[in-house]
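Structure first, commentary second.
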Amino acid sequence: MNSASVVTAAMLAIGDELLSGRTKDKNIGHLADMLTMIGIDLREVRIVADDEEAIVEAINALRARYDHVFTSGGIGPTHDDITADAISKAFGLACVHDPKAMELLGAMYERRGMEFTDARKRMARMPLGADHIANPVSTAPGFKVGNVYVMAGVPQVFQAMLDGLLPSLQTGTPVLSRTVRSPFGEGDIGTPLTDVQRHHPETNIGSYPKFDGKSFSTDIVIRGRDEAALAAAETDVIAMIEAIARSRKGD
C-alpha cells in the first residue's frame, strides 16, 4: 500500500439548466466510472451557474487542490456560454479565437454549406496558448490549460472528448474492491464494523443498506489499492458477520 500512487481529480459542471433541474446531468457518473477504471480518484464535484465569478472561484480552488480538474458545459455558441472567458480569467490569459479551431470549424461549416456566423465562431474561443481536446462528434474542440480540461456539456460530445483524453492523463494505482453481503442491517453491524475498519486503515469500508420489503440487509464494500490488505479486511468482515450470526443463535 505504501508504494501505491494516488492521483486525484475534481469535476466542475457548469450551467443554470443543471441547477434548475431542466437538464439532468449524465456526465458526472460517466467521468467517475472512467476515472476509477484508470486509477484516478474523483474527490470532489461542484455544480455552478453560468456566472463568471462563480466559475473563476471554483476553478482556482479546485486546480490548486487536485491533480486534474474536468469541466463540462458552457463552450457553445450562445451568449451564456461563458466558460472560455471564465477559464481565461482564472489563469490570467487572454480569451482569443484560436486559429486552429477557427480553421477546423470554418472547414466543417463550408463542407455542410452553412454560414460560419459570429455565434458559431464563439466555439473557437479559448485561453491563449491552450491545447485542443479533440471533438470527433461535432468538431468544435474543447481545450486544456494547466491541469484543467474543458469539455462540452452534451453527454455524447463530453464522452467522446473524454475517450480521446484519457490515454494522455497521469494516472495512479487503480482502486480494487470486494463486496461482502451481510444478512444483518446497519444497526446490527455498525459497532463491530467500526472495529474492523480501525484494524484495516489501508482500506476504506462502506456499508450500503438494502430492503427487500420484509427485512433489511447490508452490502459491505471494501476498497483499497493493496490486494493483501483488501483480502485481510474481507476475512475480518466475514468473521464479524459469522460472529453476529452465532450470537443470534445463542439468544
Side-chain angles (χ1 to χ4, degrees), residues 9-15 17-18 23 25-28 30-31 33-35 38 40 42 46-48 50 52 55-56 58-60 62-63 66-171:
M11 179 175 181
L12 181 66
I14 300 165
E17 68 279 5
L18 298 175
T23 298
D25 184 89
K26 296 181 180 179
N27 296 326
I28 295 171
H30 180 76
L31 179 67
D33 286 343
M34 299 304 290
L35 295 185
I38 65 172
I40 297 176
L42 182 61
R46 298 191 190 187
I47 302 175
V48 297
D50 294 307
E52 185 176 277
I55 298 169
V56 170
I59 284 294
N60 281 335
L62 295 173
R63 71 188 179 96
Y66 301 105
D67 297 309
H68 303 298
V69 179
F70 302 89
T71 80
S72 66
I75 54 173
T78 59
H79 71 282
D80 59 346
D81 289 311
I82 59 171
T83 299
D85 299 272
I87 301 296
S88 299
K89 185 173 181 179
F91 279 88
L93 297 170
C95 189
V96 300
H97 286 85
D98 180 81
K100 183 179 177 182
M102 288 287 287
E103 183 179 342
L104 288 170
L105 286 166
M108 183 269 289
Y109 283 112
E110 184 176 0
R111 288 193 304 271
R112 295 171 62 184
M114 300 173 66
E115 183 183 356
F116 191 22
T117 62
D118 287 342
R120 289 168 178 155
K121 290 176 183 177
R122 283 181 57 82
M123 293 186 289
R125 297 171 73 248
M126 60 185 66
L128 181 66
D131 296 320
H132 284 204
I133 299 175
N135 175 0
V137 176
S138 54
T139 304
F143 57 86
K144 170 188 179 294
V145 55
N147 62 338
V148 178
Y149 307 87
V150 179
M151 293 176 283
V154 176
Q156 182 185 9
V157 181
F158 178 88
Q159 292 174 22
M161 286 183 171
L162 186 62
D163 285 346
L165 179 62
L166 290 177
S168 69
L169 296 178
Q170 173 198 359
T171 61

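- Smallest separation of non-hydrogen atoms from Asp25 and Ala13: OD1-CB, 4.2 Å.
- Leu18 approaches Ile47 most closely through the heavy-atom pair CB-CG2, 4.0 Å.
- Taking Gln156 as the reference, Val137 meet the side chain to side chain contact (heavy atoms under 4.5 Å, CB included) condition, with sequence neighbours excluded.
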Asp85 and Ser88: side-chain hydrogen bond (donor to acceptor under 3.5 Å, both in side chains), yes or no, with the steps? CA-CA 5 Å; Asp85 299 272; Ser88 299; over 6 Å; no
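- Pairing each heavy atom of Ile40 with each of Ala9, the nearest pair is CG2-CB, 3.6 Å.
- Residues passing the side-chain hydrogen bond (donor to acceptor under 3.5 Å, both in side chains) test with His132 are Asp98, sequence neighbours excluded.
- For the pairing with Thr117, the side-chain contact (heavy atoms from CB on, under 4.5 Å) check across Arg120, Lys121, Met114 returns one residue only, Arg120.
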Determine, step by step, whether Met151 and Leu162 satisfy the side-chain contact (heavy atoms from CB on, under 4.5 Å) criterion, reporting the C-alpha distance in whole Å, the side-chain angles of both residues, the deciding distance to 0.1 Å, and the verdict. CA-CA 8 Å; Met151 293 176 283; Leu162 186 62; 4.3 Å; yes
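- Note: Ile59 CD1 to Ile87 CD1 = 3.5 Å, rounded to the nearest 0.5 Å.
- Separation of atoms CZ (Phe70) and CE (Met161) is listed at 13.5 Å; rounding is to 0.5 Å.
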side-chain contact (heavy atoms from CB on, under 4.5 Å) between Ile75 and Met123: does it pass, once the steps are laid out? CA-CA 6 Å; Ile75 54 173; Met123 293 186 289; over 6 Å; no
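- Here the straight-line distance linking atom CD1 of Ile55 with atom CG of Leu12 works out to 7.0 Å at 0.5 Å rounding.
- Taking 4.5 Å as the limit, every side-chain heavy atom of Tyr66 sits out of range of all side-chain heavy atoms of Leu42.
- Between Leu93 and Val145, some side-chain heavy-atom pair lies under the 4.5 Å cut-off.
- Put simply, the side chain of Arg63 never gets that close to the backbone of Ala58: no donor and acceptor are under 3.5 Å apart.
- No hydrogens or angles considered: a donor-acceptor pair under 3.5 Å links the side chains of Asn135 and Ser138.
- Arg122 contributes a side-chain N or O that, together with a main-chain N or O of Asp81, makes up a donor-acceptor pair within less than 3.5 Å.
- In this structure, Asp50 and Ile14 have side chains that are in contact, with non-hydrogen atoms separated by less than 4.5 Å.
- One finds the CD1 atom of Ile28 at 7.0 Å from the OG atom of Ser72 (value rounded to the nearest 0.5 Å).
- Once rounded to the nearest 0.5 Å, the distance linking CD of Gln159 with NZ of Lys26 reads 9.0 Å.
- The side-chain contact (heavy atoms from CB on, under 4.5 Å) with Met11 is formed by just one residue from the set Asn27, Leu35, Leu62; it is Asn27.
- For the ring pair (Phe, Tyr, Trp, His ring centres under 6.0 Å) condition, the pairs that include at least one residue of residues 89-111, sequence neighbours left out, are Tyr109-Phe116.
- Below 30°, between 30° and 60°, or above 60°: for His30 and Phe158 the angle between ring planes is above 60°, a perpendicular geometry.
- Contact record, Ala152 with Val157: CB-CG1, 3.6 Å, taken as the closest heavy-atom pair.
- The shortest heavy-atom contact between Pro141 and Met126 is CG-CE, 4.1 Å.
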Are Tyr149 and Leu169 close enough, and set up right, to give a side-chain contact (heavy atoms from CB on, under 4.5 Å), and what steps lead you there? CA-CA 11 Å; Tyr149 307 87; Leu169 296 178; 3.5 Å; yes
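- For the atom pair CD1 (Ile133) and CG (Leu165), the distance works out to 5.0 Å, reported to the nearest 0.5 Å.
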